[in-house]
Asker: 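Below is a structure I'd like to ask you about.
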Amino acid sequence: MRESTELQKQLSALIGKSVFDDGQLNKRAIAEFLLESEGNKQAVNNIVHPAVARDFEQSGLSWIESAILFESRFNERIHIDRVICVTAPRRVRIRRIMERDNITADQARQWIDRQTPQRLTAQRSDYIIVNDGIENVEEQLETIMKTMTINDNDND
């Protein structure tokens, strides 16, 4: 959305010129539009998600980060071997979103409530990392990487 002029044109036509300020993505404008209705969310997703899938396929990368992997059906657009879900308690997520996007707690709750519940995403994932500010994320990731390496070697 930051680099593709085609995506910028399509989003501007859908949302309005306020979605980009001097070529910069206006996260607040897009968030407000997305939260207005399920139809708005789907319209944006129909523009953005196919472009992201194409970019990933052309990138040569072997991994991708996606907060909405299942709800965007991104897992059906590209081949994915394993999914790692990063979880955090709701209060921590709300605080982090507020800090990141400079929004109110109510707005952050609205954002979270529009997403698939975290427990459902975790159930569909192969591995889970708890990122609550207490658990050691690096240690959890190292354990997952070792497990994946062992499993890959077993399959050879």
Side-chain angles (χ1 to χ4, degrees), residues 1-135 137 140-141 144 148:
M1 290 190 298
R2 290 184 178 105
E3 297 175 12
S4 169
T5 55
E6 182 57 34
L7 255 137
Q8 290 175 4
K9 286 179 192 174
Q10 291 177 8
L11 289 170
S12 293
L14 176 66
I15 300 170
K17 299 214 184 285
S18 66
V19 75
F20 291 98
D21 293 329
D22 295 325
Q24 297 295 312
L25 179 65
N26 180 341
K27 288 175 106 177
R28 183 174 296 246
I30 199 165
E32 288 174 4
F33 183 81
L34 288 167
L35 291 173
E36 282 177 11
S37 73
E38 185 64 24
N40 286 1
K41 180 176 118 178
Q42 288 307 316
V44 170
N45 289 349
N46 290 340
I47 293 170
V48 174
H49 294 162
V52 172
R54 278 191 306 275
D55 282 355
F56 176 72
E57 289 171 336
Q58 295 169 0
S59 72
L61 294 172
S62 59
W63 63 272
I64 187 167
E65 181 279 328
S66 177
I68 56 172
L69 178 73
F70 298 118
E71 63 193 358
S72 69
R73 299 177 64 179
F74 199 71
N75 60 310
E76 296 172 13
R77 296 177 195 271
I78 63 171
H79 173 75
I80 296 177
D81 291 323
R82 294 177 196 92
V83 175
I84 301 172
C85 176
V86 180
T87 66
R90 184 175 173 91
R91 64 177 165 37
V92 172
R93 294 167 63 204
I94 290 168
R95 179 181 46 82
R96 288 175 178 164
I97 293 168
M98 289 170 59
E99 291 171 2
R100 180 192 69 203
D101 296 344
N102 195 28
I103 60 175
T104 67
D106 282 342
Q107 289 171 314
R109 277 191 282 280
Q110 280 183 331
W111 195 255
I112 288 171
D113 291 344
R114 291 268 185 177
Q115 296 174 341
T116 300
Q118 183 176 247
R119 66 179 166 68
L120 295 179
T121 301
Q123 288 172 356
R124 295 180 71 181
S125 300
D126 300 294
Y127 303 96
I128 298 170
I129 293 176
V130 178
N131 184 11
D132 59 2
I134 299 168
E135 300 291 327
V137 172
Q140 293 175 76
L141 186 56
I144 290 169
M148 288 190 334

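On a predicted model such as this, the values are computed, not experimentally measured, just so you know.
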Asker: State the CZ-CD1 distance between R109 and I103, to the nearest 0.5 angstrom.
Answerer: 10.5 Å
Asker: For the residue pair V48 and L11, establish whether any side-chain heavy-atom pair is separated by less than 4.5 Å.
Answerer: yes
Asker: Distance-only, no hydrogens or angles: does the Q115 side chain make a donor-acceptor pair with backbone N or O of I68 under 3.5 Å?
Answerer: no
Asker: Looking at every non-hydrogen atom in both residues, tell me the closest pair between C85 and S125 and how far apart they are.
Answerer: CB-OG, 3.2 Å
Asker: Kindly compute the distance separating CD1 (I129) from OG1 (T87), expressed to the nearest 0.5 Å.
Answerer: 9.0 Å
Asker: For R90, check salt bridge (Lys or Arg N to Asp or Glu O under 4.0 Å) against everything at least two apart and list the hits.
Answerer: D113
Asker: Determine yes or no for a side-chain-to-main-chain donor-acceptor pair under 3.5 angstrom, with R28 supplying the side chain and N102 the backbone.
Answerer: yes
Asker: So, the side chain of Q140 versus the backbone of V130: is there a donor-acceptor pair under 3.5 Å, distance only?
Answerer: yes
Asker: How long is the gap from CG on D101 to CD on Q107, to the nearest 0.5 Å?
Answerer: 9.5 Å
Asker: Say whether, by atom type as modelled, one donor and one acceptor occur between the side chain of N40 and the main chain of F33 under 3.5 angstrom.
Answerer: yes
Asker: Just do the salt bridge (Lys or Arg N to Asp or Glu O under 4.0 Å) check on R96 and E99 with the steps written out, would you?
Answerer: CA-CA 5 Å; R96 288 175 178 164; E99 291 171 2; over 6 Å; no
Asker: Closer than 3.5 angstrom, by distance alone: can the side chain of S4 be matched with the main-chain N or O of L7 as a donor-acceptor pair?
Answerer: yes
Asker: Assess whether atom CZ of R91 is packed by more than 12 heavy atoms of other residues, nucleotides or ligands within 6.0 Å.
Answerer: no
Asker: Would you say CD of E36 has more than 12 non-hydrogen atoms from neighbouring residues, nucleotides or ligands within 6.0 angstrom?
Answerer: yes
Asker: Are the side chains of N75 and V83 in contact, using a 4.5 Å heavy-atom criterion?
Answerer: no
Asker: Can you give me the closest heavy-atom contact between I47 and Q10, atom names plus distance?
Answerer: CG2-OE1, 3.1 Å
Asker: Hey, are E57 and R54 close enough for a salt bridge, meaning a charged N less than 4.0 Å from a carboxylate O?
Answerer: no
Asker: Looking at CD1 of I80 and OG of S66, how far apart are the two atoms once the value is rounded to the nearest 0.5 Å?
Answerer: 7.5 Å
Asker: Please tell me if the side chains of D126 and I84 come closer than 4.5 Å, counting only heavy atoms from C-beta onward.
Answerer: no
Asker: State whether the side chain of S12 and the backbone N or O of K9 hold a donor-acceptor pair below 3.5 Å, judged by distance alone.
Answerer: no
Asker: Just wondering, do F74 and I64 contact through their side chains at under 4.5 Å, heavy atoms?
Answerer: yes
Asker: Are more than 12 heavy atoms from other residues, nucleotides or ligands located less than 6.0 Å from atom CD of Q24?
Answerer: no
Asker: Within the structure provided, determine whether V44 and I15 are in side-chain contact (heavy-atom separation under 4.5 Å).
Answerer: yes
Asker: Compute whether any side-chain donor of one residue and acceptor of the other, for T116 and E71, lie under 3.5 angstrom apart.
Answerer: yes
Asker: Check step by step if side chain to side chain contact (heavy atoms under 4.5 Å, CB included) holds for L120 and Q123.
Answerer: CA-CA 5 Å; L120 295 179; Q123 288 172 356; 3.5 Å; yes
Asker: Quick check for you: to the nearest 0.5 Å, what is the distance between I134 atom CD1 and D132 atom CG?
Answerer: 4.5 Å
Asker: Is F56 close to R77 at the side-chain level, that is, under 4.5 Å between some pair of heavy atoms?
Answerer: no
Asker: Please confirm whether the backbone N or O of L35 pairs with a side-chain atom of R114, one donor and one acceptor, at under 3.5 Å?
Answerer: yes
Asker: Looking at every non-hydrogen atom in both residues, tell me the closest pair between I97 and A108 and how far apart they are.
Answerer: CG2-CB, 3.8 Å
Asker: Report yes or no: does N26 contribute a side-chain atom to a donor-acceptor pair with the main-chain N or O of S18 at less than 3.5 Å?
Answerer: yes
Asker: Which of these passes side-chain contact (heavy atoms from CB on, under 4.5 Å) with I94: D106, T104, I112?
Answerer: I112
Asker: How long is the gap from CG on L34 to NZ on K27, to the nearest 0.5 Å?
Answerer: 12.0 Å
